[in-house]
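For reference, positions follow the sequence shown, starting with 1.
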Amino acid sequence: MTDVNVAERIKQDITDNDIVLFMKGTPVFPQCGFSAVVVQVLSHLGVKFKGVDVLSDPSIRQGIKEFSDWPTIPQLYVKGEFVGGCDIVREMYQSGELQQLLADKGIAHQAA
């Protein structure tokens, strides 16, 4: 598969879904602690999201890093916009910024 196809698949996922988490493992069985933290935050907020397991597809694992110009996994996208990785998501959640971002983007969520 070529890089163009990988970039198109990534673009399709973040276009078709309000919230996409590129992660190691799945939302039900995260395969790393950082992915698990982001899943916990999103679950706590009660938002629906698509988890993309980068471990099951090495081309996506490398492709998402190039796509976002961000070196680590997990990566969270909201309405097509790259939000950040675990530390950024955690800090935004704790400060209320993440909830505000969801509200600004018209995504229903539970108050923390």
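- Using a 4.5 Å heavy-atom threshold, the side chains of Leu45 and Leu102 count as touching.
- Summarising the geometry of Pro74 relative to Val38, their closest heavy-atom pair is CG-CG2, 3.8 Å, with the distance given to 0.1 Å.
- Of all non-hydrogen atoms in Pro30 and Pro27, the two that sit nearest each other are CD-O, 3.7 Å.
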Assess whether salt bridge (charged side-chain N to carboxylate O under 4.0 Å, His left out) is satisfied between Asp13 and Lys50, documenting all intermediate values. CA-CA 8 Å; Asp13 271 339; Lys50 176 175 183 175; 2.7 Å; yes
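- Taking CD1 of Ile73 as the start and OG of Ser68 as the end, the distance is 7.5 Å to the nearest 0.5 Å.
- Interatomic distance, Asp57 CG to Ile64 CD1, rounded to the nearest 0.5 Å: 11.5 Å.
- When every heavy atom of Gln75 is checked against every heavy atom of Trp70, the shortest pair comes out as NE2-O, 3.2 Å.
- Here the straight-line distance linking atom CE of Met92 with atom CG of Asp87 works out to 13.0 Å at 0.5 Å rounding.
- The ring of Phe22 has its center closer than 6.0 angstrom to the ring center of Tyr77.
- Using a cutoff of 4.0 Å between basic side-chain nitrogens and carboxylate oxygens, Lys24 and Asp53 are not scored as salt-bridged.
- Scored by the salt bridge (Lys or Arg N to Asp or Glu O under 4.0 Å) test, Lys11 finds no partners at all (sequence neighbours excluded).
- Met23 contributes atom CE, which lies 12.5 Å from atom CZ of Arg61 (distance to the nearest 0.5 angstrom).
- The two residues Arg9 and Ile60 come nearest to each other via the heavy atoms NH2-CG1, 3.4 Å.
- Under the 4.5 Å side-chain heavy-atom criterion for ILVMFWY residues, no single connected hydrophobic cluster contains both Val39 and Phe34.
- Within 6.0 Å of atom CG in Asp16, more than 12 heavy atoms from other residues, nucleotides or ligands are found, so the atom counts as buried in its surroundings.
- Once rounded to the nearest 0.5 Å, the distance linking CG of Asn17 with CD1 of Ile14 reads 10.0 Å.
- Taking OG1 from Thr15 and CD from Glu8, the interatomic distance works out to 9.0 Å, rounded to the nearest 0.5 Å.
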Can you check side-chain contact (heavy atoms from CB on, under 4.5 Å) on Glu97 and Glu91, steps first, answer last? CA-CA 8 Å; Glu97 278 181 83; Glu91 288 167 19; over 6 Å; no
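- A side-chain contact (heavy atoms from CB on, under 4.5 Å) with Tyr93 is found for exactly one of Ile88, Val37, Val41, namely Val41.
- Annotation for Phe82: atom CZ counts as buried by contact number, over 12 foreign heavy atoms lying within 6.0 Å.
- Atom NZ of Lys48 sits in a sparse spot, with 12 or fewer heavy atoms from other residues, nucleotides or ligands closer than 6.0 Å.
- Residue Gly25 comes nearest to Gln31 through the heavy atom pair CA-CG, 3.4 Å, listed as atom of the first residue, atom of the second, then distance.
- Between Val78 and Asp18 there is no side-chain heavy-atom pair separated by less than 4.5 Å.
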